[in-house]
Amino acid sequence: MNIEQATQIADILGTYNKHFDECIAFLNLKQQKVLADDLNWLHDSLTEEQRLAMVGSSLETKRLELMKTLGYENHTSAQILEICPDEARGRLKLECVNLQTSIDKIKVLNADILEMVDKKLESAEEYLKKTGVTGPGFYDTAGGKVRLSDPENDIIGNM
């Protein structure tokens, strides 16, 4: 591996790290909005979340293409660091460490958000059961409630 190749790899990883910083900032805000039950913000943020996912997918495609073009598609980051020229090793290692740190943060944030949502849903379900609501309901065209357990008013298959 020459210095130019190492620089190209470090550059794509640096771009990835900037993207992951943006993802982490978004997920931190999302976590706050979940805690605050800000459903409007959560709904409105879906396009931003999709944009971030698409940018990440595009970056991964570019990274894979670069690694294939350079002939290193089957190399791990540790193997790349071993064959990297000494003058580029520091930056490349820093980008790899930052990338792993970001991935770990994103995994933790996503897990925490999912856990919060699950707990909120469980709490809401318990509250609804206490108030007598036992499940979702369906309504006929006249606005009357249709029970799914009533064979005469079975709407499954009619939807």
Listed once per pair and sorted, the salt bridge (charged side-chain N to carboxylate O under 4.0 Å, His left out) pairs that draw on residues 54-80, sequence neighbours left out: Glu60-Arg63
My understanding is that only residues two or more places apart in sequence, or in another chain, count here; which of them pass side chain to side chain contact (heavy atoms under 4.5 Å, CB included) with Thr15?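 Side chain to side chain contact (heavy atoms under 4.5 Å, CB included) list for Thr15, sorted by chain: Leu59.
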Report the C-alpha separation of Arg89 and Asp86 in whole Å, then their side-chain angles, then the decisive distance to 0.1 Å, and conclude whether the salt bridge (Lys or Arg N to Asp or Glu O under 4.0 Å) test is met. CA-CA 5 Å; Arg89 188 170 290 123; Asp86 290 339; 2.4 Å; yes
Non-neighbouring partners of [X] that pass side chain to side chain donor-acceptor pair (under 3.5 Å), sequence neighbours left out:
| X | result |
| --- | --- |
| Asn2 | none |
| Gln100 | Asp104 |
| Lys105 | none |
| Asp118 | none |

With sequence neighbours left out, which residue pairs that include part of [range] fulfil the ring pair (Phe, Tyr, Trp, His ring centres under 6.0 Å) condition?
| range | answer |
| --- | --- |
| residues 38-58 | Phe26-Trp41 |
| residues 80-113 | none |
| residues 81-124 | none |

Nearest atoms (heavy-atom pairs only) where Asp21 meets Ser102: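 Taking Asp21 first and Ser102 second, the nearest heavy atoms are OD1-OG, 4.1 Å.
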Looking at Lys93 and Leu81, what are the two nearest heavy atoms and their distance?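 Scanning both residues, the minimum pair turns out to be N-CD2, 3.6 Å.
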Throw together a table of side-chain donor-acceptor distances under 3.5 angstrom for residues 48-56, partners on residues two or more places apart or in other chains.
{"residue": "Glu48", "atom": "OE1", "partner": "Arg51", "partner atom": "NE", "Å": "3.1"}
{"residue": "Glu48", "atom": "OE2", "partner": "Arg51", "partner atom": "NH2", "Å": "2.8"}
{"residue": "Glu49", "atom": "OE1", "partner": "Lys30", "partner atom": "NZ", "Å": "3.1"}
{"residue": "Glu49", "atom": "OE2", "partner": "Lys30", "partner atom": "NZ", "Å": "2.9"}
{"residue": "Arg51", "atom": "NH2", "partner": "Glu22", "partner atom": "OE2", "Å": "2.3"}

Mind checking whether Ile103 and Leu64 sit in one hydrophobic cluster, side chains of I, L, V, M, F, W, Y counted as touching below 4.5 Å?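 Unlinked, Ile103 and Leu64 end up in two clusters.
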Hydrophobic cluster identity match, Leu27 and Leu29, side-chain contacts under 4.5 Å: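 Same cluster.
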The criterion is ring-ring contact (aromatic ring centres under 6.0 Å, His included); which residues satisfy it with His75, sequence neighbours excluded?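 ring-ring contact (aromatic ring centres under 6.0 Å, His included) check on His75 returns Tyr72.
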Heavy-atom side-chain proximity of Lys33 to Leu39 below 4.5 angstrom: no
Less than 3.5 Å apart, which donor and acceptor atoms pair up between the side chains of residues 108-115 and the rest of the protein, not counting sequence neighbours?
{"residue": "Asn110", "atom": "ND2", "partner": "Ile106", "partner atom": "O", "Å": "3.4"}
{"residue": "Glu115", "atom": "OE2", "partner": "Lys119", "partner atom": "NZ", "Å": "3.1"}

